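Notes follow the structure.
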Amino acid sequence: MVGNHSGVIRFYLEGFPGSPEFCHILFAIFFFSFFVTLIGNMIIIVTICADHRLHSPMYFFLGHLSLLDILITSTIIPPMLGELLMSEMLTMSFSACVTQLFLYLSLGTIEFVLLGAMAVDRYVAVCNPLRYTIIINSQVCLWVVILAWLFGFLFEIWPVYATFQLSFCRSTLVNHFLCERGLLLKLSCDDTIFLEFILFLLAIVILLGALLPTIISCTYIISAILKIPSASGRKKAFSTCASHFIVVMIGYGTCLFLYVKPKQTQAAEYNKVVSLTISVVTPFLTPFIFTLRNNQVKEALRDVIFLRVSPS
């Protein structure tokens, strides 16, 4: 049993098998995306902290979203880069595998809760602007963020614990670039049907629970935007929500395909593609999505770059 031999069990992550030249090309691509993700999201965080015009609930949530993107990519990409640079399988200890899976799932859960909160924030801003500062005040935002972080870490304790209580008597070779839960279940020689069903229900609670307020908010927002008489007014209202809609579609779409399935043990190549979208592509695109479509952020970025301080 893993529980009795956790100190000696090691997992071997196959990653992206291929020639050294192919691995080095992938290394360059993922290193570039990792670097851009870190720098882009750090710039967003610094800009939000430095510019008083961005001291609002929407950007408060965006700052935490950027921090989550940094943490998620830092959990996944550095070990993968080491594997690609050495052109060999990554060897990961039992505790390292547990830690990586727990952080990956917990940070993802926190991000979905924050995306749901951001959807409600945009709904109040567009549909009830006169009461916006009363409903979405700084104290509410602070408690939402605190509860999101606590919920994310606490919620994933049991699923990760249950996964690593299984016996891995067949193999510890994981055909992935991270300790992916579905493939770990596939390696177990225990009967995982009941556990997979429970994990399926928990995934529904997280993804659909966070998606429901997003769908409801989007419905009311679109309805309110269509009622605005002027084209410029509709464009301005939609621009405040478009970036959030794009991130939601990418994030929820990929995770619905990966986790909201009764059978958690999908094909390895399928898992790799979806996991790359979640852990590499989305964090890479987030800074561009939230800055290129937002004039207020672009102005704040220019002020920070040229060391111009906005009035408080």
Side-chain angles (χ1 to χ4, degrees), residues 1-17 72 75-80 82-83 88-113 150-210 252 254-279:
M1 293 291 292
V2 168
N4 297 328
H5 303 89
S6 57
V8 296
I9 285 182
R10 304 188 74 83
F11 293 95
Y12 300 92
L13 276 57
E14 192 171 345
F16 302 93
I72 289 173
T75 301
I76 303 301
I77 297 185
M80 181 172 65
E83 172 194 357
E88 60 184 23
M89 285 192 297
L90 175 66
T91 302
M92 188 170 286
S93 67
F94 179 86
S95 58
C97 195
V98 172
T99 302
Q100 186 187 60
L101 181 61
F102 177 70
L103 289 176
Y104 178 65
L105 294 177
S106 298
L107 295 171
T109 299
I110 298 168
E111 185 161 332
F112 284 124
V113 175
L150 286 176
F151 176 78
F153 285 115
L154 293 176
F155 188 86
E156 294 296 343
I157 290 176
W158 183 86
V160 174
Y161 171 80
T163 300
F164 287 97
Q165 285 301 302
L166 298 171
S167 300
F168 299 97
C169 54
R170 296 173 183 168
S171 171
T172 55
L173 177 63
V174 182
N175 186 12
H176 210 290
F177 56 85
L178 60 90
C179 286
E180 206 279 322
R181 184 171 62 192
L183 295 179
L184 291 174
L185 294 174
K186 197 172 183 179
L187 293 177
S188 174
C189 55
D190 296 335
D191 185 0
T192 62
I193 294 177
F194 179 73
L195 177 58
E196 289 183 43
F197 179 69
I198 297 298
L199 295 176
F200 165 68
L201 294 180
L202 293 177
I204 289 180
V205 170
I206 292 297
L207 293 175
L208 298 189
Y252 282 117
T254 51
C255 284
L256 283 172
F257 278 114
L258 185 59
Y259 293 113
V260 184
K261 288 187 174 183
K263 191 70 173 174
Q264 295 283 306
T265 55
Q266 303 100 328
E269 297 306 319
Y270 173 87
N271 278 12
K272 284 183 186 180
V273 172
V274 179
S275 296
L276 274 176
T277 304
I278 297 170
S279 58

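Computed from a predicted structure; not experimentally measured.
Under the 3.5 Å distance criterion, the side-chain polar atoms of D190 are matched with a main-chain donor or acceptor of S167.
Applying the side chain to side chain contact (heavy atoms under 4.5 Å, CB included) test to L154 and every residue at least two apart in sequence or in another chain returns I157. Applying the side chain to side chain donor-acceptor pair (under 3.5 Å) criterion to E83, with sequence neighbours excluded, gives no partner residue. Scored by the ring-ring contact (aromatic ring centres under 6.0 Å, His included) test, Y12 finds no partners at all (sequence neighbours excluded).
A distance of 13.0 Å separates CD1 of I198 from CD1 of I193, quoted to the nearest 0.5 Å. The line from OG of S95 to CD1 of I9 is 11.5 Å long, rounded to the nearest 0.5 Å. Here CZ of F11 is found 5.5 Å from CZ of F164. Values are rounded to the nearest 0.5 Å. Rounded to the nearest 0.5 angstrom, R181 CZ and E196 CD are separated by 10.0 Å. Distance check: M92 CE to L101 CG gives 10.5 Å after rounding to the nearest 0.5 Å. Taking OG of S106 as the reference point, atom CZ of F151 lies at 10.5 Å (rounded to 0.5 Å).
T109 and E156 share a donor-acceptor pair across their side chains, judged by distance under 3.5 Å alone.
Under the 30°/60° scheme for interplanar angles, the aromatic rings of F177 and F16 are found to lie parallel.
For the pair F153/L107, a side-chain contact is recorded, criterion being any heavy-atom separation below 4.5 Å from C-beta on. Annotation: side chain of F155 is not in contact with side chain of I110 (no heavy-atom distance under 4.5 Å). Residues Y104 and C179 are not in side-chain contact: their nearest non-hydrogen atoms beyond the backbone lie 4.5 Å or more apart. The shortest side-chain heavy-atom distance between L173 and M89 falls under the 4.5 Å cut-off. Looking at I77 and S279, their side chains never come closer than 4.5 Å, going by heavy atoms from C-beta outward. With contacts defined as side-chain heavy-atom distances shorter than 4.5 Å, the pair I76/Q100 qualifies.
For the pairing with T163, the side-chain contact (heavy atoms from CB on, under 4.5 Å) check across L105, V98, T192, L184 returns one residue only, L184.
Here the closest heavy-atom approach between residue L185 and residue L199 is recorded as CD1-CD1, 3.9 Å.
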